[in-house]
Chemist: 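Starting off with a structure, shown below.
Chain A is the first sequence line, chain B the second, and so forth, proteins listed ahead of strands; every chain is numbered from 1.
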Amino acid sequence: MCVSGRSTIRVAVALLGVKDNNERRVCARMHGYGTYGGIRIVTAVRVRFAPSPTGHLHIGGARTAIYNWLFAQHEGGTFVLRIDDTDPERSTEEHTASILASLRWMGLDWDEGPEVGGAFGPYFQSGRLDSYTKAAEDLLAAGKAYRCYCTAEELERRREAALSEGRPPGYDRRCRRLSDRERAVNQDARRACTIRLAAPLTGETRFTDLVRGDLVFPNSVLDDYVLLRTDGTPTYNLASVVDDAAMRMTHIVRGDDHLSNTPRQIVLFEALGAMVPAFAHMPLTWGTDRKRLSKRHGATSVEAYRKMGYLPEAMLNYLTLLGWSLDDKTTFFTREELVRHFTLGRVSKNPGIFDPDKLEWMNGSYIRELDPADLAGRLVPFLEEAGLIDEDWCRHNRGWLHRLVPLVQERLKTLAEIVDLAGFFFAPTVTIDPEAATKALSIEEVPAILEAACEVVETAEPFETSTIEAGLRDLPPKLGVKPKVVFQAVRVALTGRLVSPPLFETIELLGRERTTTRLKAALEQLRTSR
RNA sequence: GGCGCAUUAGUCUAGCGGCCUAGGACAUCGCCCUCUCAAGGCGGGAGCACGGGUUCGAACCCCGUAUGCGCCA
């Protein structure tokens with residue numbers, strides 16, 4: 001331990017009781033800090049992401065997790081995952097599992113938390129309830145909290161009265177002024193009560209937000225908020241602060257919807273005699289209508305985007321850039337580059353509107369950059385999901401799949417689009433889209449075109465793109481039609497639609513057999529319908 | 001109602017007093033390439049919320065106003 005500068009103390013890791021396998025990293029870099037009795041403490045960075053398992057991991061939550069993770073990685077600190085499941089009504093194990101899966105999918109592994117353990121467990125708040133009760137009781141004993149016997153109805157009535165008289169509607173601290181005798185009477189009668197924090201009445205609470213700068217709040221705006229409800233359950237503020245203190249968090253990186261809550265929590269940290277962490281409030285993520293991102297805006301969970309065929313690296317890149325930038329031009333970052341460059345100081349102060357278009361563009365760009373073999377592997381689950389292939393098929397056709405990739409790679413914006421784009425390869429017969437038939441097959445010369453094309457395919461030798469292309473390119477002048485007419489007619493006959501991968505390569509990949517079969521089938525269909 | 005935070009094109013952003021006749025990207029529009037669709041290339045339109053100051057000089061500093069959002073209830 002050494003003292004450096006005015007009222008700044010560097011604290012060795014052991015002093016804080018941190019004994020885990022991060023110790024080596026931790027000792028190497030000491031960037032974190034908090035305040036303890038007004039003294040600035042510098043120690044290893046410890047941050048947490050603390051989702052409530054009431055649904056899938058939300059885009060907004062994912063971004064908060066990413067910023068926490070990047071910050072921890074950049075600083076060589078510890079990233080803790082804590083599940084805030086104090087609401088038994090809405091918390092489920094399925095949601096917890098889904099959140100863990102989404103975090104892992106994006107590569108946001110945690111150093112401590114569910115399934116990996118750590119020195120500060122349990123990492124579920126439902127397993128820590130006793131500590132909240134104890135904290136509340138300690139505060140009670142120290143005179144820093146008090147029992148409040150006001151009922152919900154009384155509070156409601158007084159709030160309305162205050163509002164109609166133009167007074168602030170907060171709790172009037174009535175029970176804080178109870179005499180010892182009154183307290184004893186209520187206690188003996190075992191009247192239901194909440195436990196409220198006895199917040200300071202004067203002075204001010206100040207802190208430095210790592211994103212927004214120095215902030216000062218007069219303590220007069222603080223209220224004596226509830227810590228423990230009548231049923232003994234902790235409020236968000238109590239549980240969160242007690243855990244953050246117990247888990248030795250050095251930085252709280254979270255959404256700025258909590259900004260106004262921060263002075264309230266700082267007062268609690270101080271009342272508990274705990275180190276006050278540093279804070280960094282991230283701007284919120286909005287939907288396109290400038291409202292909180294919700295179901296109305298379409299897919300809002302990471303899970304949904306995974307299913308739609310988005311790549312985790314695109315997701316990470318896009319979400320990080322929604323509220324953070326390195327400079328005026330860099331758009332693409334590998335995970336390592338993000339870790340190397342990420343700092344809270346360059347996080348934007350403005351809320352960001354989630355733009356699915358830009359995500360899609362970025363995803364397409366990442367797909368194009370993928371190693372073809374890698375892309376092939378990533379496409380398999382989507383083809384399987386659509387029922388086009390199965391495991392057995394994969395075992396025998398890996399080579400074919402690798403030949404397909406170059407035809408689709410620069411056309412895919414999401415992995416799931418492979419089904420639409422290349423599904424015709426796998427179907428036994430082609431169903432021709434009526435609109436495509438009208439546009440490409442209704443021309444008088446089409447039967448002749450298809451017959452000629454069939455002959456080209458039957459005789460192309462060797463059977464490969466170049467010979468097929470040469471043969472088909474001979475047809476337009478011979479038949480006296482435009483090239484486009486020939487190619488579109490053949491395309492529709494083979495794929496059923498007006499849009500497909502490049503024609504000649506498609507024919508090669510389809511094979512002589514299936515190509516001629518399809519051309520003949522289309523011819524037959526034309527004859528019967530005329 | 002109180003307190004707080006924010007405000008660069010439709011969207012994400014660069015900018016931290018002269019490098020800005022404001023840079024990049026998505027989207028959009030036009031052209032080129034072209035067997036369709038993509039991808040790619042070239043080009044266009046579009047922005048400092050408003051009003052006062054400070055300064056030789058303001059997107060940038062200060063003060064108001066407006067708007068949006070958050071928290072408390």
Side-chain angles (χ1 to χ4, degrees), chain A residues 155-156 158-160 162-172 199 209 211-213 215-226 237 255-265 281-292 318-332 345-365 367-369 406-413 417 420-421 436 439-440 468-469 472-473 475-476 482-492 494-495 497-507:
Chain A
L155 293 171
E156 176 67 15
R158 274 185 257 152
R159 207 185 75 221
E160 275 169 22
L163 277 177
S164 66
E165 289 164 32
R167 286 182 289 122
Y171 179 59
D172 59 10
D209 187 288
V211 171
R212 317 191 108 84
L215 264 17
V216 183
F217 293 80
N219 287 341
S220 54
V221 306
L222 261 32
D223 55 341
D224 288 358
Y225 63 90
V226 174
N237 278 331
D256 73 4
D257 47 339
H258 286 105
L259 190 59
S260 304
N261 254 327
T262 303
R264 273 177 257 279
Q265 295 185 356
H281 289 95
M282 309 290 121
L284 255 27
T285 309
W286 284 348
T288 40
D289 55 358
R290 297 179 171 275
K291 295 282 163 53
R292 265 181 118 110
Y318 174 74
L319 252 21
T320 304
L321 237 38
L322 187 62
W324 176 87
S325 64
L326 173 65
D327 54 28
D328 59 343
K329 48 178 77 72
T330 317
T331 303
F332 290 95
R346 289 199 64 83
V347 170
S348 163
K349 297 179 181 69
N350 307 325
I353 293 174
F354 178 73
D355 181 4
D357 279 348
K358 191 158 183 175
L359 207 212
E360 190 180 61
W361 162 77
M362 184 168 274
N363 199 57
S365 182
I367 286 177
R368 271 171 258 135
E369 293 301 315
L407 306 204
V408 297
Q409 186 151 18
E410 68 183 26
R411 283 162 238 276
L412 293 173
K413 289 201 183 70
E417 281 170 1
D420 212 42
L421 187 62
K439 279 193 172 159
I468 296 162
E469 175 165 5
L472 288 180
R473 283 200 189 278
L475 298 185
K482 287 181 179 168
K484 194 168 167 176
V485 173
V486 171
F487 300 138
Q488 283 301 76
V490 175
R491 184 190 314 283
V492 170
L494 296 180
T495 70
R497 24 175 102 198
L498 290 160
V499 173
S500 83
L503 191 56
F504 316 120
E505 288 85 346
T506 296
I507 291 172

Chemist: Looking at A:Ser500, does any N or O in its side chain come under 4.0 Å of the phosphate oxygens OP1/OP2 on B:C37?
Modeler: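 So the side chain of A:Ser500 is outside the cut-off, no N or O lying under 4.0 Å from OP1 or OP2 of B:C37.
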Chemist: Can you identify which nucleotide, out of B:C69, B:C12, B:A38, has its nearest atom closest to the A:Glu410 side chain?
Modeler: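 Given the options B:C69, B:C12, B:A38, the side chain of A:Glu410 is closest to B:A38.
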Chemist: For atom C1', what is the distance between B:A46 and B:A25, given to the nearest Å?
Modeler: 15 Å
Chemist: Can you work out whether A:Pro218 or A:Leu421 has the more 5'-proximal nearest nucleotide on RNA chain B?
Modeler: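 Closer to the 5' end of RNA chain B: A:Pro218.
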Chemist: Students often get this wrong, so: under 4.0 angstrom with heavy atoms, is A:Arg212 touching a base, only sugar-phosphate, or nothing?
Modeler: sugar-phosphate
Chemist: If you look at every strand shown and take non-hydrogen atoms under 4.0 Å, does A:Leu503 touch a base, only sugar-phosphate, or nothing?
Modeler: base
Chemist: So does A:Asp420 pair up with A:Arg411, basic N to acidic O under 4.0 Å?
Modeler: no
Chemist: Using a heavy-atom cut-off of under 4.0 Å over every strand shown, decide if A:Arg158 touches base, sugar-phosphate, or nothing.
Modeler: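 No contact.
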Chemist: Side chain of A:Ser325: nearest nucleotide among B:C35, B:U13, B:A38?
Modeler: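 Nearest to the side chain of A:Ser325 among the choices is B:U13.
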Chemist: How many whole angstroms separate atom CG of A:Asp327 from atom P of B:U13?
Modeler: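 Whole-Å distance recorded here is 14 Å.
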Chemist: When you measure from the side chain of A:Asp328, which nucleotide among B:A38, B:A14, B:U11 comes out closest?
Modeler: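 Side chain of A:Asp328 sits closest to B:A14.
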Chemist: Indicate, with a heavy-atom threshold strictly under 4.0 Å, whether A:Leu322 touches base, sugar-phosphate, or nothing.
Modeler: sugar-phosphate
Chemist: For A:Leu472, report the nucleic acid contact type (base, sugar-phosphate, nothing); a contact means any heavy atom under 4.0 Å.
Modeler: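 Since no nucleic acid heavy atom lies under 4.0 Å of A:Leu472, the category is nothing.
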Chemist: At 4.0 Å (heavy atoms only), tell me whether A:Pro502 reaches a base, stays on the sugar-phosphate, or touches nothing.
Modeler: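 Base: the residue A:Pro502, judged by heavy atoms under 4.0 Å, touches a nucleobase.
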Chemist: Classify A:Ser348 by what it touches in the nucleic acid, base, sugar-phosphate, or nothing, heavy-atom distance under 4.0 Å.
Modeler: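 Counting heavy atoms under 4.0 Å across all strands, the contact made by A:Ser348 is with sugar-phosphate only.
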Chemist: Measuring to OP1 and OP2 of B:G15, would you say a side-chain N or O of A:Arg346 lies under 4.0 angstrom away?
Modeler: yes
Chemist: Please determine, for the side chain of A:Val499, which listed nucleotide (B:A25, B:C35, B:U36) has the closest atom?
Modeler: B:U36
Chemist: Could you measure between the two P atoms, the one in B:G2 and the one in B:U11, and give it in whole Å?
Modeler: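 It comes out at 30 Å once rounded to the nearest Å.
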Chemist: What does A:Phe217 touch in the nucleic acid at a heavy-atom separation under 4.0 angstrom: a base, only the sugar-phosphate, or nothing?
Modeler: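 The answer is sugar-phosphate, as A:Phe217 gets under 4.0 Å only of primed atoms, P, OP1 or OP2.
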Chemist: Who pairs with A:Tyr225 by ring pair (Phe, Tyr, Trp, His ring centres under 6.0 Å), at least two apart in sequence or on another chain?
Modeler: none
Chemist: Using side chain to side chain donor-acceptor pair (under 3.5 Å) as the criterion, list what pairs up with A:Asn219, not counting sequence neighbours.
Modeler: A:Thr205
Chemist: Pick the closest RNA chain B nucleotide for A:Tyr225 and for A:Gly352 by heavy atoms, then say which residue is nearer the 5' end.
Modeler: A:Gly352
Chemist: At under 4.0 Å, does any side-chain N or O of A:Asn350 touch on OP1 or OP2 of B:A6?
Modeler: no
Chemist: So, is A:Arg473 near the phosphate of B:C35, with a side-chain N or O under 4.0 Å from OP1 or OP2?
Modeler: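 Yes.
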Chemist: Heavy atoms under 4.0 Å, any strand shown: does A:Pro351 hit a base, just sugar-phosphate, or nothing?
Modeler: sugar-phosphate
Chemist: Does B:C72 have a Watson-Crick or wobble partner in any strand here, with both distances under 3.5 angstrom, and which is it?
Modeler: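 B:C72 is paired, partner B:G1.
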Chemist: Show me the protein contacts with nucleotides 40-47 of chain B, counting only N or O atoms at under 3.5 Å.
Modeler:
| unit_1 | atom_1 | unit_2 | atom_2 | d |
| --- | --- | --- | --- | --- |
| B:G40 | OP1 | A:Arg368 | NH1 | 3.4 |

